[in-house]
Amino acid sequence: MAARLDSFALAELAARPEDAFRLAELAMAEGSRIPGYGGDHYYYRIGDAAAVIRTRLDPETGEEELLGMDTHAASNCQWTCRVVKDVTPEDAGPLSRRVLVRREGAGDTAVVDLVCAGVLPDLREGDQLRLNMAGFPLRISYDEGESTGVVEAQGETVLLQGVVKDARVGETYLGMEPLTRFISVTVETRMGDVELCHPMELVAEGQRDLVKPGTVASALCVLSGNCAVGEYAGGIVFDEAHDFAALGRFFREGGAERLAPLLRTDCACTFLENRQEGTENALALLSMVQKDMAAAGLRRCVPGVLTGEGSRGRKCLLLGNEEGFAFLCLLELDSLGRAREVQITNDPGCEFEPVE
């Protein structure tokens with residue numbers, strides 16, 4: 001998932017590694033920090049464009065490590081869609097995610113590179129996503145006539161067609177210094193509206209007068225969906241549902257470092273008779289438990305609820321395999337929704353039932 005600065009005629013800002021590093025430093029110093037699981041994002045407006053920096057703490061030095069950069073646009077276009085499949089490349093960074101999505105009740109599908117994906121506690125087939133959408137055309141044409149509104153995934157890109165609802169000249173600048181201009185068009189599709197950003201040079205000369213509302217835009221493009229909208233606009237959400245979702249992903253996939261934000265510094269973790277206190281020790285115990293469970297084939301994680309007297313209705317996470325559940329995980333949260341204690345037990349006195 002490459003940064004598409006060329007779509008805003010800003011390729012020179014990151015033409016050399018040292019240029020890209022300076023842009024990242026500026027974004028981290030002056031941009032908005034968006035906390036995520038396993039790392040943070042810095043959203044930095046460059047006029048009508050935005051650079052989004054991915055970072056995490058180096059476990060050895062404790063210093064912030066630069067992972068990469070994404071791009072987005074000043075867009076008011078939002079999609080509500082369902083995850084069909086996680087199609088993230090194997091060599092992608094830890095905070096990079098790419099998904100195939102569809103709209104409820106529609107046959108169209110789109111591949112979307114997620115911006116600020118670290119704010120999501122989990123990402124599974126069938127999950128609903130709310131995304132702020134921008135598109136970066138590789139090819140585009142403007143014509144008169146009727147539009148099908150089609151959106152069709154094409155490997156890592158998307159073929160789409162739609163009626164232009166709005167067309168304007170976008171501007172980029174750093175501080176008070178103007179940099180570039182580009183075309184920004186809002187296109188209506190069957191998946192929802194999307195903001196397409198590209199230099200005028202991408203449009204054939206004979207079509208440039210058609211870059212206006214009412215015409216039809218057809219494009220092969222890369223789609224970018226910002227996850228930091230709605231409840232996630234400020235980053236991670238701490239509450240029982242989101243904390244259990246993050247734990248569920250951890251028990252299935254590993255990656256204890258993702259859990260650090262939801263644990264208090266004085267958090268305690270108990271596994272059977274083993275109790276560890278403090279974030280570092282709790283994460284170490286959780287990591288050991290997850291690896292042992294994975295080795296034993298216990299990767300199934302299902303939300304549950306306790307049904308016994310005195311604890312009826314308390315939520316839990318059931319851990320096991322297709323044959324049944326071997327352990328359950330309980331949380332004790334503080335008033336801010338962060339974990340004060342994580343308990344993993346196989347106490348036969350705990351009565352429960354799954355909630356799927």
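Every heavy atom of this structure was used, including side-chain atoms; hydrogens, water molecules and symmetry mates were not. All figures in this text were calculated on a predicted structure; none of them were measured in a lab.
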Quick check: closest heavy atoms across V302 and P354, and the distance to 0.1 Å? CG1-CB, 3.9 Å
Strictly below 4.0 Å, N to O, side chains only: are E231 and R130 in salt-bridge contact? no
Verify whether one side chain among Q128 and T80 offers a donor that lies under 3.5 Å from an acceptor in the other. no
Shared hydrophobic cluster, L298 / L247 (ILVMFWY, side-chain heavy atoms < 4.5 Å): yes
For Q276, is there any backbone N or O sitting under 3.5 Å from a side-chain donor or acceptor partner on T270? no
Note: C316 and F244 closest approach over all heavy atoms is CA-CZ, 3.7 Å
Out of curiosity, E152 CD to R190 CZ, how far, rounded to the nearest 0.5 Å? 9.5 Å
How about Y37 and H242: does a side-chain donor come under 3.5 Å of a side-chain acceptor? no
Heavy-atom count check: over 12 atoms from other residues, nucleotides or ligands less than 6.0 Å from E280 CD? no
Using a strict 4.0 Å threshold on nitrogen-to-oxygen distance, state whether D108 and R103 make a salt bridge. no
Least distance between heavy atoms, P261 atom then G38 atom: CG-N, 4.5 Å
Check the orientation of F352 and F325. Use parallel for under 30°, tilted for 30 to 60°, and perpendicular for over 60°. perpendicular
Would you call R275-E341 a salt bridge at under 4.0 Å N-O? yes
When you check the side-chain N and O atoms of D70 and H41, is any donor under 3.5 Å from an acceptor? no
Nearest 0.5 Å please: distance from the CG atom of L262 over to the CG atom of L333. 9.0 Å
T55: which of E64, E63, E65 passes side chain to side chain donor-acceptor pair (under 3.5 Å): E64
Side-chain H-bond candidate by donor/acceptor type, E195 with T186, under 3.5 Å: yes
Do the side chains of R16 and D19 get close enough for a salt bridge, i.e. N-O under 4.0 angstrom? yes
